[in-house]
Undergrad: 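Sharing a structure here in structure tokens format.
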Amino acid sequence: MDSTRSGHSLGEGKGEFRRGWPILLASLLGIGCGLAAMPFYTAGVFAPHLAREFGWSLGEIMAGLTITTVTVIVAAPVAGILCDRYGTRPVAVASLACFGLAYLSLATLGNSLIRFYATWMIAAALGAGTLPITFTRTVNQWFDHHRGLALGLAMTGTGLFGVLCKPLLAWVIGLYGWRGGFVALGMLPLLVAMPMVLLLFREQAGKPIDTAAAVAKLEQASVLPGFTRGEALRHWRFWLIAVILVPISFALAGAVPNLEPILLDRGIDAATILTLTPLVGLSSIGGRLIGGWLLDRFWAPGVAFVLLGMPAVSCLILANGQLDPGMARFAIILIGFALGIEYDVVAYLTSRFFGLRAYAAIYSMFYVCFSTGAGFAPLVFGMIRDRTQDFAPALTASAIILPLCAAGFLFLGRYPQLTPSNKGESAI
């Protein structure tokens, strides 16, 4: 158990939640109605309607997600720098507004794939400020004793959206068509998340910084403890985390978008599959909450090793020939649980090992690593399936990757003592 965290009193924890609940609520809604959740949980819902309307193939439609991933690789670090320079609240508000408008514009689509792809590129570029990079920076400022649980609560927004979005969209599309579905989704960031962020979301430490001179002065004074972006890039811990995140995210994300065809290949009927796939969203919520609780009480790299290594069992189960629904359910729950904790672990490790001084910029670079692995995994899994007529080779490779790469977290060592005056030197 992490002795540095174990002595915190129950009263201190209650005080943090009493003061910080508005931040958690705004973050939950902002993340749930943002770029991290909406495209990836809803693309499959719209795909059949777009294919029927315009004659596009499913591959052409799903390429919009790949474009989103590639754009995020560039846009996420920019959003992180803007958050560290100007504060998270203005970045979050502006990005939610632009993201919502981009979704509304999808309701006016015509038979042009170029416009379809361009809209996704714009939505990802301007919506990067809705990613967890923005909101977790402020959550970390408000919570210390129960930071892990707070991060888990904030990021349950993605799981909740994943559970609720498909029934909502089915109802809206049934009444108003797929264009009405895009309108409904576009209104969520504009009418739900953005007002709550304006009312409840604020940083704890000082005012936003609006000039380069103010930034330099703030860095010199070291108001927040930890590393600058440049210091982090010169540290071996940064590169260890960055390198192992790519294969871990690849192994976790490859199976989930392909769950339906994987289960069909294993002899499970379509009606049963419909009852199994929602377990991903539900178990991810459990992963965020239970994982956050564990992060507050135990050494975070050890928690990461166990929870991110466990889905290797799922991959082996899914790689087998015939599969009964009970084992499939167990495998899906393990994967969903790990998907729920992955972003929380990285956010927590960033704050503990690198501090809050340039948190958004550093975390955004880790987010790029996650996006790179996760963005290309479904495509690679599909290519392997096309070549071998089976997902087993990809799943077996993932079963090997997960525990080996998750073990890399164990080399991070103890949490450094970061103070505003040392600029991160004590952690090196």
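The analysis underlying the following values was restricted to heavy atoms, covering all of them including side chains, and did not include hydrogens, waters or symmetry mates. Quick caveat: nothing in here was measured; it's all calculated off a predicted structure.
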Undergrad: Can you tell me how far the CD1 atom of Ile317 sits from the CZ atom of Arg329, to the nearest 0.5 Å?
TA: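 Answer for the CD1-CZ pair, Ile317 versus Arg329, is 12.5 Å.
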Undergrad: Does the side chain of Ile333 come within less than 4.5 Å of Val280's, by heavy atoms?
TA: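 No, their side chains stay 4.5 Å or more apart.
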Undergrad: Given side chains that start at C-beta, do those of Pro189 and Met38 come closer than 4.5 Å, heavy atoms only?
TA: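 Heavy-atom side-chain distance check passes, below 4.5 Å.
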Undergrad: Could you go through the side-chain contact (heavy atoms from CB on, under 4.5 Å) check for Cys315 and Leu402 one step at a time?
TA: CA-CA 10 Å; Cys315 294; Leu402 285 169; 4.2 Å; yes
Undergrad: Between Phe366 and Phe370, is the ring pair (Phe, Tyr, Trp, His ring centres under 6.0 Å) condition met? List the steps.
TA: CA-CA 6 Å; Phe366 289 145; Phe370 254 114; 9.1 Å; no
Undergrad: A side-chain contact here means heavy atoms from C-beta on lying under 4.5 Å apart; do Leu185 and Leu188 qualify?
TA: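 They are in side-chain contact.
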Undergrad: Applying side-chain contact (heavy atoms from CB on, under 4.5 Å) to Val303 and Phe409, what does each step give before you reach the verdict?
TA: CA-CA 9 Å; Val303 174; Phe409 289 115; over 6 Å; no
Undergrad: Do Trp299 side-chain atoms and Gly413 backbone N/O form a donor-acceptor pair below 3.5 Å?
TA: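 Checked: pair present.
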Undergrad: Quick one: are Arg237 and Phe411 in side-chain contact, heavy atoms under 4.5 Å?
TA: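 SC-SC contact between Arg237 and Phe411 ruled out.
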Undergrad: Between Asp324 and Arg266, is the closest basic N to carboxylate O distance under 4.0 Å?
TA: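 Asp324 and Arg266: not salt-bridged.
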Undergrad: So if I apply the ring pair (Phe, Tyr, Trp, His ring centres under 6.0 Å) rule between Trp120 and each of Phe46, Phe99, Tyr103, which one comes out positive?
TA: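 Looking at Phe46, Phe99, Tyr103, the match for Trp120 under the ring pair (Phe, Tyr, Trp, His ring centres under 6.0 Å) is Tyr103.
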Undergrad: Indicate yes or no for a side-chain donor-acceptor contact from Tyr117 to the backbone of Ile61 under 3.5 Å, with no hydrogens or angles considered.
TA: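 A pair under 3.5 Å: no.
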Undergrad: Indicate yes or no: at least one non-hydrogen side-chain atom of Phe17 is less than 4.5 angstrom from one of Leu153.
TA: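 Yes, at least one pair of side-chain atoms sits under 4.5 Å.
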Undergrad: Check whether any side-chain heavy atom of Ser398 lies under 4.5 Å from a side-chain heavy atom of Phe381, and answer yes or no.
TA: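 Yes, side chains in contact.
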Undergrad: Under the criterion side-chain contact (heavy atoms from CB on, under 4.5 Å), I'd like the reasoning laid out for Leu307 against Leu294: C-alpha separation, chi angles, the key distance, then a yes or no.
TA: CA-CA 10 Å; Leu307 297 186; Leu294 291 171; 4.2 Å; yes
Undergrad: Would you check, one step at a time, whether the test side-chain hydrogen bond (donor to acceptor under 3.5 Å, both in side chains) holds for Ser351 with Tyr363?
TA: CA-CA 9 Å; Ser351 69; Tyr363 181 49; over 6 Å; no
Undergrad: Determine yes or no for a side-chain-to-main-chain donor-acceptor pair under 3.5 angstrom, with Trp142 supplying the side chain and Ile23 the backbone.
TA: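 Judged by distance alone, no pair lies under 3.5 Å.
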Undergrad: Okay, side chain of Thr134, backbone of Thr130: is any donor-acceptor separation there less than 3.5 Å?
TA: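 Side chain of Thr134 to backbone of Thr130: no pair is present.
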Undergrad: Under 3.5 Å, side chain of Ser27 to main-chain N/O of Leu24, donor-acceptor pair present?
TA: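 No, because the side chain of Ser27 does not come within donor-acceptor range (under 3.5 Å) of the backbone of Leu24.
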Undergrad: Taking atom CZ of Arg89 and atom OG1 of Thr138, what is their separation to the nearest 0.5 Å?
TA: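 If I round to the nearest 0.5 Å, the distance is 10.5 Å.
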Undergrad: Taking all non-hydrogen atoms of both residues, which atom of Arg414 and which atom of Phe353 are closest, and how far apart?
TA: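 Where Arg414 meets Phe353 most closely, the heavy atoms are O-CE2, 3.3 Å.
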Undergrad: Over all heavy atoms of both residues, which pair between Ala232 and Ile362 is shortest? Give the atoms and the distance, please.
TA: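 So the minimum-distance heavy-atom pair works out to CB-CD1, 3.6 Å.
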Undergrad: The criterion is side-chain hydrogen bond (donor to acceptor under 3.5 Å, both in side chains); which residues satisfy it with Thr68, sequence neighbours excluded?
TA: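 Listed in chain order: nothing, the list is empty.
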Undergrad: Taking all non-hydrogen atoms of both residues, which atom of Ile341 and which atom of Gly287 are closest, and how far apart?
TA: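 Closest pair (atom of Ile341, atom of Gly287, distance): CD1-O, 3.8 Å.
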Undergrad: Counting only heavy atoms not in Arg179, do more than 12 sit closer than 6.0 Å to its CZ atom?
TA: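 Correct, the count exceeds 12.
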Undergrad: Can you tell me if Arg85 uses its side chain to pair, donor with acceptor, with the backbone of Ile81 under 3.5 Å?
TA: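 Side chain of Arg85 to backbone of Ile81, a donor-acceptor pair under 3.5 Å: no, none is there.
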Undergrad: How long is the span from the CD atom in Gln141 to the OG1 atom in Thr136, to the nearest 0.5 Å?
TA: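 These two atoms lie 10.5 Å from each other.
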Undergrad: Using a strict threshold of under 4.0 Å (side-chain N to carboxylate O), is an ion pair present between Asp84 and Arg137?
TA: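 Yes, Arg137 and Asp84 are salt-bridged.
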Undergrad: Test side-chain contact (heavy atoms from CB on, under 4.5 Å) on Leu318 and Phe391 and set out the steps.
TA: CA-CA 9 Å; Leu318 294 173; Phe391 284 102; over 6 Å; no
Undergrad: Could you tell me whether the side chain of Trp239 reaches within less than 4.5 Å of the side chain of Leu233, counting heavy atoms only?
TA: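 When only atoms from C-beta onward are counted, Trp239 and Leu233 do touch, with a gap below 4.5 Å.
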Undergrad: Distance-only, no hydrogens or angles: does the Tyr415 side chain make a donor-acceptor pair with backbone N or O of Leu349 under 3.5 Å?
TA: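 Pair absent, no side-chain N/O of Tyr415 close to backbone of Leu349.
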Undergrad: Verify, without hydrogens or angle tests, whether Ser314 (side chain) and Ala331 (backbone) share a donor-acceptor contact under 3.5 angstrom.
TA: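 Yes; at least one donor-acceptor contact below 3.5 Å.
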Undergrad: For Glu342 and Leu308, indicate whether the former's side chain and the latter's backbone hold a donor-acceptor pair under 3.5 Å.
TA: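 No, because the side chain of Glu342 does not come within donor-acceptor range (under 3.5 Å) of the backbone of Leu308.
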Undergrad: Over all heavy atoms of both residues, which pair between Leu252 and Pro311 is shortest? Give the atoms and the distance, please.
TA: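 Result for this residue pair: CD2-CG, 3.7 Å.
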Undergrad: Tell me the side-chain hydrogen bond (donor to acceptor under 3.5 Å, both in side chains) pairs involving residues 282-292, sequence neighbours left out?
TA: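 Every side-chain hydrogen bond (donor to acceptor under 3.5 Å, both in side chains) pair that includes a residue of residues 282-292, provided the two are not neighbours, is Thr158-Arg288, Arg288-Asp344.
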Undergrad: Are His146 and Arg297 packed together at the side-chain level, in the sense that at least one heavy-atom pair is separated by less than 4.5 angstrom?
TA: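 They are in side-chain contact.
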Undergrad: Looking at Phe227 versus Phe354, is the centre-to-centre ring distance below 6.0 Å?
TA: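 Between Phe354 and Phe227, which both carry aromatic rings, the centre distance is below 6.0 Å.
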Undergrad: Can you name the closest pair of heavy atoms from Val368 and Ala76 and give their distance?
TA: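 Closest pair (atom of Val368, atom of Ala76, distance): CG2-CB, 4.2 Å.
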Undergrad: Return the CZ to CG distance between Phe135 and Leu29, rounded to the nearest 0.5 Å.
TA: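 The CZ atom of Phe135 sits 9.0 Å away from the CG atom of Leu29.
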Undergrad: Can you tell me how far CG of Leu169 sits from NE2 of His49, rounded to the nearest 0.5 angstrom?
TA: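 Here the rounded value is 9.0 Å.
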Undergrad: Indicate whether the side chain of Tyr359 and that of Asn140 have a donor and an acceptor atom separated by less than 3.5 Å.
TA: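 Distance-only check passes for Tyr359 and Asn140.
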Undergrad: Kindly compute the distance separating CZ (Phe305) from CD1 (Ile244), expressed to the nearest 0.5 Å.
TA: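 Atom-to-atom, Phe305:CZ and Ile244:CD1 are 11.0 Å apart.
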Undergrad: For the residue pair Val246 and Cys369, what are the closest heavy atoms and their distance?
TA: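 Heavy-atom minimum between the residues: CG2-O, 3.7 Å.
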